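Counting convention: from 1, in listed order, for ligands and their atoms alike. A quick note: this is a predicted structure, and the numbers were derived from the prediction, not measured.
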Amino acid sequence: MKVDGKHTRTIWLEADGWTVGTIDQRRLPHDYVVVKLTSSDDAADAIRTMLVRGAPLIGATAAYGMALAMREDASDAGLDAAYAKLVATRPTAINLKWALDEMRRALAPVQPADRVAAAYRRAGEIADEDVAINQAIGASGLKLIEAIAATKKPGERVNVLTHCNAGWLATVDWGTATAPIYQAFDAGIPIHVYADETRPRNQGASLTAWELGHHGVDHTVIPDNTGGHLMQHGLVDIVIVGTDRVTADGDVCNKIGTYLKALAAADNKVPFYVALPSPTIDFTIHDGVREIPIEQREAAEVTDMTGRTNDGRIETVRIVPQGSKVANYGFDVTPARLVTGLITERGVLKADRAALAAAFPERVAQA
Ligand code: MRU
């Protein structure tokens, strides 16, 4: 997508052909800072510290991390060590393991002397595939938005609610939940987005709002608890969120708070859609609540808030009393029964085992 008129992806190879460039998402929306990753430790740290985040981008960064690792040690032991280091960086998004498995499959049969080139080639393909998949997700989801737009009176807009950031910043380009939004906007459909702020890290307020603003999409940032009220008053036409892992039966794991939006949507008969690339499906598990590991992050994300002061300084302040305990679960699971449909690169699917298996038989065979 474009930043200040210039097209950019979230991850790329620098002109030297091996350094990996990316955007430090911890600094947005205040500062747009490009960072260079030059080692597998850099890539692992970038994922762990959420310099990069979002399931597909985590996967692409891990893939490039393997390429950097092959420059350091291309032996079988080096391959295993890099896989172990990178896979341990974040537990919930299955795209991380998927990308690393892809890299291992590509590299294991190759002689160590040829592994650096093979690794950069496969990492580049994974990044390119993500862009193509997200574009196709956009085309699938655009049809849903067009159908809603067709029911509107002149001058009315399609109102979409989204949670967290499943935008282009969370992928290599386009985003998942945002791809249909960008394509609808580009097609001239009047569209407006409610962006949940998404405490505690505020990816909606700081990243989704930043992206939508740069693309010119009209949007309103809302506190996380506002969605139910909006739905009761007919102000949301469709919810579209992303996901970090979908089970073989269609349960959806996404940023904490997604489940509550799905409950509110079901109660108000607002369609609740989840946009995902097929690498986000984990065909090895069925029951999302019991089987998906939920990341728990540090208390400081809840106790402290960081922002820019009116005189331009970045400042962190504490908002919780000293001594209060804090729980910081990063994700929750929305059961398939609450999901109206899954927007994928192969169309909009029912959130169930038969539909997923029929759409992605090659992934079932691999699992
Ligand atoms: O903790 P984050 O910021 O990595 O969480 C991101 C999300 O929950 C996204 O919705 C998900 O990764 C899908 S991104 C296309």
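- Between the side chains of S75 and D73, at least one donor-acceptor pair of N or O atoms lies under 3.5 Å.
- Annotation for ligand 1: atoms under 4.0 Å from non-hydrogen atoms of G54 are 4 (O), 12 (O).
- Looking only at heavy atoms of the protein, atom 15 (C) of ligand 1 is closest to T176 OG1, 3.1 Å.
- At a heavy-atom distance under 4.0 Å, only backbone atoms of T243 (N, CA, C or O) approach ligand 1.
- Look at N165 and you'll find a heavy atom under 4.0 Å from some atom of ligand 1.
- Using modelled atom types, one finds no donor on one side chain facing an acceptor on the other under 3.5 Å when comparing H192 with D218.
- Within the 4.0 Å heavy-atom cutoff, R201 does not count among the residues contacting ligand 1.
- We find that D237 and K152 are joined by a salt bridge, their nearest charged nitrogen and carboxylate oxygen being less than 4.0 Å apart.
- D101 and Y83 are linked by a side-chain donor-acceptor pair at a separation below 3.5 angstrom, with hydrogens and angles left out of the test.
- The shortest heavy-atom distance from C164 to ligand 1 is under 4.0 Å.
- Atoms of ligand 1 found under 4.0 Å from any heavy atom of Q203 (numbered from 1 in listed order, with element): 1 (O), 2 (P), 3 (O).
- Of the protein's non-hydrogen atoms, D244 OD1, 3.2 Å is the one closest to atom 11 (C) of ligand 1.
- Residue contact check for ligand 1: G330 places no non-hydrogen atom closer than 4.0 Å to it.
- Atoms of ligand 1 found under 4.0 Å from any heavy atom of R90, numbered from 1 in the order shown, are 1 (O), 2 (P), 4 (O).
- Contacts between P56 and ligand 1 below 4.0 angstrom, taking non-hydrogen atoms only, involve the side chain exclusively.
- Atom numbering of ligand 1 starts at 1 in the shown order; those under 4.0 Å from a heavy atom of A55 are 12 (O), 14 (S).
- Under 4.0 Å is where a charged nitrogen must lie from a carboxylate oxygen, and between D41 and K85 at least one such pair does.
- At least one heavy atom of M50 sits under 4.0 Å from some atom of ligand 1.
- Defined by atom type and a distance below 3.5 Å, a donor-acceptor pair is present between the side-chain atoms of D42 and T38.
- We find that K143 and E146 are not joined by a salt bridge, their nearest charged nitrogen and carboxylate oxygen being 4.0 Å or further apart.
- Between D76 and R115 there is a salt bridge, since a side-chain N of the basic residue sits under 4.0 Å from a carboxylate O of the acidic one.
- The protein atom (non-hydrogen) at minimum distance from atom 9 (C) of ligand 1 is N254 OD1, 3.4 Å.
- Side-chain polar atoms of S278 and R346 form no donor-acceptor pair below 3.5 angstrom.
- The protein non-hydrogen atom at the shortest distance from atom 5 (O) of ligand 1 is K255 CE, 3.3 Å.
- Between the side chains of T280 and N95, at least one donor N or O lies within less than 3.5 Å of an accepting N or O.
- Within a 6.0 Å radius of CZ in R290, no more than 12 heavy atoms belonging to other residues, nucleotides or ligands are found.
- Nearest protein neighbour of atom 14 (S) of ligand 1, counting heavy atoms only, is A170 CB, 3.5 Å.
- Nearest protein heavy-atom contact of atom 6 (C) of ligand 1 is R53 NH2, 3.5 Å.
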